Amino acid sequence: MADTRDIEVIVNGESRVANVETRASLGDFLRHGLGLTGTHMGCEHGVCGACTVMVDGEAVRSCLMLAVQANGHEVTTVEGLASADGSMHPLQEAFWKHHGLQCGFCTPGMLTSLTAFLRDNPDPSERDIREAISGNICRCTGYQGIVDAALEVAKTMQKGS
Amino acid sequence: MKPAPFIYHDPATPEEAVALLSQHEDAKVLAGGQSLMPMLNMRFVVPDHVIDLNGVAEISGVIDTGNTLEIGAMTRQCDLMRDPGVNAKTPIIPEALNWVGHFQTRNRGTVGGSLCHLDPSAELPCLMSAYDAVLTAHGPDGARDIPFAEWPLAYMIPTLGPDELLTKITVPYWAAGHGYGFVEYARRHGDFALIAVAALLETDGDTIRRASISIGGADVSPVRLTAAETALVGASLGADAFKAAGEMARGIEAMSDAYVSSAYRQRLAATLVERALIKAGECATGSA
């Protein structure tokens, strides 16, 4: 018999109740349990960064956390970044403008990582941004568009504050 | 669904966790999960029981006792980096943690988890070796203190009984104004180091009064360069003394693997010991 637990997780602002196998990763629970397939599972050992989500606002690898460990916590996935009316998050806008993606596989992890990073580091240098995404592997863009997008959002955020 | 099935336990206290460890034969302790979870996902480890410490609040957080820094085993690496007291009194700790994985893994990764995993090239064991930290383990018969020098038993195996739990790490403070340097070389930033070096210096004017040098990544566990430490005490701060200390690292035992030879690791150790000491010398403002 599978070892299961009842959990309640706030996902993108909405309470989700589920019975999960205790060995299920948070990432697999989001994708298979909740149908939130925006979170991409890549290497599944914490190296590629594609599965990054925010748990209580902090960027973490969803392949290295069990779903049961998210019980009672708040999770934000890439689906939770855009506004309720469908308008994109400034970072998503900037990725689009600067061609910060091609195949899109790494993009959810890039966006969640950079959202958390820019909140805590509103005035980053280019080097800081490159270090922040050093744990997110992209094989298409060469990172330049991603870095440009993050730098632009940081500048806009400062003007706004 | 990648890990093989296991029974999950989430104790609320260290005593409960120890009791679970005593009850269950094939149990693994889950701390931050940044090493164990990959091993579970890949099925390199297939335990019958997983004991999750993330609900054990009392072994998380830091306490400044005046002479020492007490770090709860479940303290997250990111929290240590942000702590103002840690930054003021043990600045080499945040400096070294910058090299540990990436900010997303430091958000989950714990101090105790890294020390128990005991990867030969991990930064935290190297640091704790430099500090002669004392590790406290809880077992069915109570707690015992283990000096870091006695902590590594073998390759990636700490001297911890099957029913014992690491709960606390005690780091003795060095004098205010001590110098510190942490340097490493890895093929990619955030990757495991080929060689990592932690250096601490206490000075009186230009004279070195106390020195500690620990090398990670060379052997199965961190190596203290005691001969160089002894030679440095009483010497003047400066390039000659640091170069000579570096040269002493050239003779250390060093592993070889598919990527680099032991001679390369020895050569790297010599260079990095010198660099770590130069950094430490530059920031030592004198403790007299």
Side-chain angles (χ1 to χ4, degrees), chain A residues 1-5 7 20-29 31-33 41 43-73 109-110 112-114 116-117 120-121 127-128 130-137, chain B residues 1-10 24 28 30-57 74 76-79 81-82 97-110 113 117 186-192:
Chain A
M1 258 265 293
D3 186 42
T4 66
R5 289 276 177 107
I7 61 168
V20 295
E21 251 198 88
T22 53
R23 62 173 166 149
S25 72
L26 174 60
D28 279 344
F29 166 66
R31 290 177 58 85
H32 303 300
M41 309 306 284
C43 72
E44 306 195 56
H45 62 284
V47 173
C48 79
C51 72
T52 305
V53 300
M54 288 185 275
V55 175
D56 297 333
E58 303 292 351
V60 301
R61 307 285 200 232
S62 68
C63 70
L64 299 188
M65 210 177 141
L66 297 170
V68 66
Q69 294 182 305
N71 185 29
H73 294 275
M110 288 285 181
T112 47
S113 294
L114 283 169
F117 172 76
D120 297 340
N121 302 275
R127 195 196 155 108
D128 294 338
R130 286 188 183 274
E131 185 161 334
I133 58 168
S134 64
N136 294 78
I137 296 173
Chain B
M1 196 79 66
K2 283 77 188 179
F6 53 71
I7 311 280
Y8 174 81
H9 306 270
D10 53 346
H24 299 294
K28 268 281 173 196
L30 176 60
Q34 304 304 289
S35 299
L36 180 57
M37 282 295 298
M39 288 159 63
L40 287 169
N41 286 347
M42 306 277 193
R43 302 199 179 189
F44 290 147
V45 284
V46 186
D48 292 335
H49 298 269
V50 168
I51 300 170
D52 182 2
L53 298 183
N54 285 275
V56 187
M74 279 299 291
R76 309 253 181 226
Q77 292 152 6
C78 64
D79 291 330
M81 290 174 83
R82 288 184 196 130
L97 285 170
N98 270 316
W99 295 90
V100 178
H102 305 282
F103 86 98
Q104 301 96 329
T105 62
R106 296 192 293 261
N107 281 339
R108 291 289 296 171
T110 64
H117 186 59
R187 299 163 112 213
R188 290 165 295 271
H189 182 84
D191 222 331
F192 282 107

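Nothing here was measured: the structure is a model prediction, and the numbers come from that model. Numbers restart at 1 for each chain; the letters A, B, ... are given by sequence-line order, proteins then strands.
- A 4.5 Å side-chain heavy-atom check between B:Pro38 and A:Leu64 finds at least one atom pair inside the cut-off.
- Counting heavy atoms from C-beta on, the side chains of B:Lys2 and A:Asp28 come closer than 4.5 Å.
- Between B:Phe103 and A:Ala59, the shortest heavy-atom distance links the atoms CE1-CB, 3.9 Å.
- For B:Gln104 and A:Asn136, the side-chain atoms include at least one donor-acceptor pair closer than 3.5 Å.
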Candidate pair B:Arg108 and A:Val60, rule side-chain contact (heavy atoms from CB on, under 4.5 Å), full reasoning: CA-CA 7 Å; B:Arg108 291 289 296 171; A:Val60 301; 3.7 Å; yes
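- In this structure, the portion of A:Thr52 lying under 4.5 Å from any heavy atom of chain B is its side chain and not its backbone.
- Nearest heavy-atom pair, A:Arg23 versus B:Pro3, reported as atom, atom and distance to 0.1 Å: NH1-O, 2.8 Å.
- For B:Asn41 (side chain) and A:Cys63 (main-chain N/O), a donor-acceptor pair under 3.5 Å exists by modelled atom type.
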Working for side-chain contact (heavy atoms from CB on, under 4.5 Å), residues B:Leu30 and A:Leu66: CA-CA 10 Å; B:Leu30 176 60; A:Leu66 297 170; 3.8 Å; yes
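- Looking only at heavy-atom pairs under 4.5 Å with chain A, the residue among B:Gly55, B:Gly33, B:Ser35 that has the most is B:Gly33.
- B:Arg76 does not touch chain A: none of its heavy atoms, backbone or side chain, sits under 4.5 Å away.
- The two residues A:Asp3 and B:Tyr8 have their closest heavy-atom pair at OD2-N, 2.8 Å.
- Between the NE2 atom in A:His45 and the CE atom in B:Met39 there is a gap of 12.5 Å [rounded to 0.5 Å].
- Looking at every heavy atom in both residues, B:His9 comes nearest to A:Arg5 through CA-NH2, 4.3 Å.
- Using a 4.5 Å cut-off between heavy atoms, A:Met41 does not touch chain B at all.
- Between the side chain of B:Asn107 and the backbone N or O of A:Glu58, no donor-acceptor pair lies under 3.5 Å.
- Between chain A and the residues B:Ala4, B:Gly101, B:Cys78, the largest count of heavy-atom pairs under 4.5 Å involves B:Ala4.
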